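The block underneath contains the structure these notes are about, expressed in structure tokens.
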Amino acid sequence: MKGIMGKKLGMTQVFGPTGELVPVTVIEATPNVVIQKKTVENEGYDSVQLGFEPIREKLANKPKKGHFEKAGVKPMRYLREFKDASFQELEVGSEVKVDIFEEGQFVDVTGISKGRGTLGVVARHGFTKGRESHGSKHHRMPGGMSAGTFPGRVFKGHRMMGRTGNEQVTVQNLELVRVDAEKNLLLVKGAVPGSKNSMVLIKAALKK
């Protein structure tokens with residue numbers, strides 16, 4: 001799938017062609033660099049490894065330094081693989097820019113959702129609260145979790161309190177409202193997962 005890595009800058013609004021107000025997420029996708037090309041003969045499959053966001057050399061360990069020196073590029077913070085046939089024509093060290101996409105195209109955006117910490121069942125799953133009357137002692141508790149004598153345990157996967165967020169989330173079929181090749185910006189309709197300045201992965205829509 002054709003794709004690129006970028007940095008989520010935040011959200012804003014733009015006017016559509018008919019004058020309607022469209023909420024968009026601004027993603028800055030500076031040129032990704034081809035670090036490695038994998039083939040069926042060597043690795044068992046065809047793919048291209050891209051790097052994003054250069055870092056200082058001292059932040060990369062020795063194995064990574066050797067990997068980047070072999071490609072003749074500076075160390076990168078993020079590495080991802082793409083199994084797109086058109087990328088196979090690119091040489092190691094060449095760049096992939098936002099112009100691989102077009103306005104009106106649909107994409108899938110993957111990112112790490114915001115971490116919310118430990119939440120109870122009311123905030124995490126939307127459980128109904130108990131009575132607020134004095135002495136109920138059941139204001140925000142989960143209630144019954146399983147049957148009694150049989151099976152006598154709580155089934156795996158039961159909705160309970162716990163850590164919320166900070167997990168990989170993919171939002172599918174988002175429309176590209178604008179592609180600014182000069183400023184390396186993508187304006188995606190709607191919200192995408194992740195906090196500001198977090199890395200997101202933009203790929204051509206799989207189901208559209």
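As the structure is a computational prediction, the values presented were derived from the model and not from experiment. No hydrogens, no waters, no symmetry mates; every other heavy atom, side chains included, goes into these values.
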So which atom in [X] and which in [Y] form the shortest heavy-atom distance, rounded to 0.1 Å?
X: Pro193; Y: Val169; value: CG-O, 3.4 Å
X: His125; Y: Met160; value: NE2-O, 3.2 Å
X: Ile4; Y: Val98; value: CD1-N, 4.0 Å
X: Thr110; Y: Gln168; value: CG2-CG, 3.5 Å
X: Leu79; Y: Gly51; value: CD2-CA, 3.8 Å
X: Leu50; Y: Gly3; value: CD1-O, 4.1 Å

Residue list, side-chain contact (heavy atoms from CB on, under 4.5 Å) with Arg163, at least two apart or on another chain =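 Per chain and number, Arg163 pairs via side-chain contact (heavy atoms from CB on, under 4.5 Å) with no residue.
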Whether the side chain of [X] engages the backbone of [Y] through a donor-acceptor N/O pair (distance < 3.5 Å, no angle test) should be reported.
X: Thr12; Y: Gly10; result: no
X: Thr25; Y: Gly190; result: yes
X: His139; Y: Arg131; result: yes
X: Gln105; Y: Phe101; result: no
X: Asn173; Y: Asp108; result: no

ask   = Between Lys65 and Glu57, is there a side-chain N and carboxylate O pair less than 4.0 Å apart?
value = no
ask   = Are the charged groups of Glu53 and Arg77 less than 4.0 angstrom apart, N to O?
value = yes
query = Is Phe15 isolated, or which residues cluster with it under the ILVMFWY side-chain rule of less than 4.5 Å, directly or via members?
reply = Leu21
Consider only side-chain heavy atoms of I, L, V, M, F, W and Y, link residues closer than 4.5 Å, and tell whether [X] and [Y] are in one cluster.
X: Phe82; Y: Leu186; value: yes
X: Leu185; Y: Met11; value: no
X: Val22; Y: Val26; value: yes
X: Val96; Y: Val200; value: yes

[X] atom [atom1], neighbour heavy-atom count above 12 within 6.0 Å:
X: Arg124; atom1: CZ; result: yes
X: Lys37; atom1: NZ; result: yes
X: Tyr45; atom1: OH; result: yes
X: Glu102; atom1: CD; result: no

Which value, rounded to the nearest 0.5 Å, describes the distance between [X] atom [atom1] and [Y] atom [atom2]?
X: Asn184; Y: Lys7; atom1: CG; atom2: NZ; result: 11.5 Å
X: Glu167; Y: Lys114; atom1: CD; atom2: NZ; result: 15.0 Å
X: Asn32; Y: Gln49; atom1: CG; atom2: CD; result: 11.5 Å

task = Not counting sequence neighbours, list each pair that qualifies as a salt bridge (charged side-chain N to carboxylate O under 4.0 Å, His left out) and has a residue in residues 179-199.
result = none
Are any of the side-chain heavy atoms of [X] and [Y] separated by less than 4.5 Å?
X: Val33; Y: Met76; result: yes
X: Val192; Y: Lys8; result: yes
X: Val14; Y: Arg178; result: yes
X: Arg80; Y: Phe52; result: no
X: Phe127; Y: Arg140; result: no
X: His158; Y: Arg153; result: no
X: Ile27; Y: Leu9; result: no
X: Leu201; Y: Val109; result: no

key: Step-by-step side-chain contact (heavy atoms from CB on, under 4.5 Å) determination, Met161 to Thr118   = CA-CA 7 Å; Met161 64 165 291; Thr118 302; 3.4 Å; yes
inquiry  = Using the rule given for side-chain contact (heavy atoms from CB on, under 4.5 Å), can you reason through Leu187 versus Leu176, listing the C-alpha separation, both sets of side-chain angles and the distance that settles it, and then say yes or no?
reply    = CA-CA 6 Å; Leu187 270 61; Leu176 279 177; over 6 Å; no
request  = Evaluate the side-chain contact (heavy atoms from CB on, under 4.5 Å) criterion for residues Val188 and Leu174: first the C-alpha distance (whole Å), next the side-chain angles of each, then the deciding distance (0.1 Å), finally the verdict.
outcome  = CA-CA 6 Å; Val188 182; Leu174 297 176; 3.5 Å; yes
message = Taking the six-membered ring of Phe68 as reference, does the cationic atom of Lys74 (NZ for Lys, CZ for Arg) lie under 6.0 Å from its centre and within 45° of its axis?
response = no
query = Please walk me through it: do Lys2 and Lys203 pass side-chain contact (heavy atoms from CB on, under 4.5 Å)?
reply = CA-CA 6 Å; Lys2 185 179 296 184; Lys203 287 186 176 183; over 6 Å; no
request  = Examine the side chains of His138 and Glu132 and answer whether a donor and an acceptor come within less than 3.5 Å of each other.
outcome  =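 No, no side-chain donor-acceptor contact under 3.5 Å.
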